[in-house]
Amino acid sequence: MSASVELSPVDLQILRLLQNDARITNKDLAAAVGLAPSTCLDRVARLRETGVITGQHASVDAAKLGRPLEAFLFVQVRPHRRPLVDAFVEHLLSLPEVRAVYHLTGPDDFLAHVATSSAGELQRLVLDELTARDEVARVHTNLVFQHWSGGPLLPPGA
């Protein structure tokens, strides 16, 4: 785990604004936080260099791309060893249906968020890409009816 980075109130304002609109211009961002554009650009660069800002992303509606059925797949693998874990994660991330993968504690080892075109495609994914693998001991599937995203992620007490 990486150490936390000390952030000023201005840094937190910058993060809040960028998390809500990553396309905001540096000029508008600087004006919103009360900095000169060059200073604001330096602050954003420092936030990237220290790993606080890890990228910019476009949110994509999976249903509009022909994948309206989303599910969470809880996967148990055996044996749970590093070479097997690394290969399994690499396999999951190579599948176009996989939106995110989480390595967990507890009875399940992985949680994969997937989006498919249909229940039949979800079944194919589970049977052909997961349970067909020797290391997969169990897959538990939960369908997603609806989801909501949280607000900006800021340090506790910010």
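Minimum interatomic distance between R133 and E129 (heavy atoms only, all atoms of both residues): CD-O, 3.3 Å. Nearest heavy-atom pair across C40 and N26 is SG-OD1, 3.6 Å. Residues I24 and D28 come closest through the heavy atom pair CG1-CB, 3.8 Å. The two residues A115 and E70 have their closest heavy-atom pair at CB-CG, 3.9 Å. Across all non-hydrogen atoms, the minimal contact from A32 to Q13 is O-NE2, 4.3 Å. When all heavy atoms are compared, the tightest approach of R16 to P152 is CG-CG, 4.1 Å.
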| said: Could you walk me through whether L73 and L125 satisfy the side-chain contact (heavy atoms from CB on, under 4.5 Å) test, starting with their C-alpha distance in whole Å, then the side-chain angles of each, then the deciding distance to 0.1 Å, before giving a yes or no? | reply: CA-CA 10 Å; L73 307 179; L125 179 68; 4.2 Å; yes
| From CA spacing to verdict: side-chain contact (heavy atoms from CB on, under 4.5 Å), E90, F88 | CA-CA 5 Å; E90 189 175 316; F88 184 68; over 6 Å; no
| When you look at L69 and V144, which way does the side-chain contact (heavy atoms from CB on, under 4.5 Å) test go after all the steps? | CA-CA 7 Å; L69 184 64; V144 175; over 6 Å; no
| Can H80 and V85 be said to form a side-chain contact (heavy atoms from CB on, under 4.5 Å), step by step? | CA-CA 7 Å; H80 193 163; V85 164; 3.2 Å; yes
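Within the 4.5 Å cutoff, side-chain heavy atoms of L153 are placed close to those of Q19. H113 places none of its side-chain heavy atoms less than 4.5 Å from the side chain of E97.
Side-chain atoms of S117 do not come within 3.5 Å of backbone N or O of R67 as any donor-acceptor pair. Looking only at distances, no side-chain donor or acceptor of T54 sits under 3.5 Å from a matching main-chain atom of G51. Here the side chain of Q76 pairs no donor or acceptor atom with the backbone of V139 at under 3.5 angstrom.
The pair R82-D86 meets the salt-bridge criterion, since a charged nitrogen lies less than 4.0 angstrom from a carboxylate oxygen. Salt-bridge check for R46 with E49: failed, with every basic side-chain N at 4.0 Å or more from each acidic carboxylate O. For the pair R81 and E135, the salt-bridge criterion is not met [side-chain N within less than 4.0 Å of a carboxylate O].
No single ILVMFWY cluster, assembled from side-chain heavy atoms under 4.5 Å apart, contains both L111 and L130. Note: the hydrophobic cluster containing V10 also contains V52 (ILVMFWY, side chain heavy atoms under 4.5 Å, direct or indirect links). Both L93 and V126 belong to a single network of hydrophobic side chains, linked directly or stepwise wherever heavy atoms of I, L, V, M, F, W or Y lie under 4.5 Å apart. Placement of I14 and L41 in two distinct hydrophobic clusters is found when ILVMFWY residues are connected by side-chain heavy-atom separations under 4.5 Å, directly or transitively. Cluster membership for F74 and V98, using ILVMFWY side-chain heavy atoms within less than 4.5 angstrom, is not shared.
Counted within 6.0 Å of CD on Q123, heavy atoms from surrounding residues, nucleotides or ligands total 12 or fewer; the atom is thus considered open.
With R43 as the fixed residue, the side chain to side chain contact (heavy atoms under 4.5 Å, CB included) test singles out one of D11, L7, L29: D11. Each of D109, D134, L84 was checked for a side chain to side chain contact (heavy atoms under 4.5 Å, CB included) with R78, and the lone residue meeting it is D109.
Rounding to the nearest 0.5 Å places OG of S149 at 5.0 Å from NE2 of H147. How far CG of D108 is from OG1 of T105: 10.0 Å, rounded to the nearest 0.5 Å.
In this pair, F110 and H103 present their aromatic rings parallel. The plane angle is below 30°, not in the 30 to 60° band.
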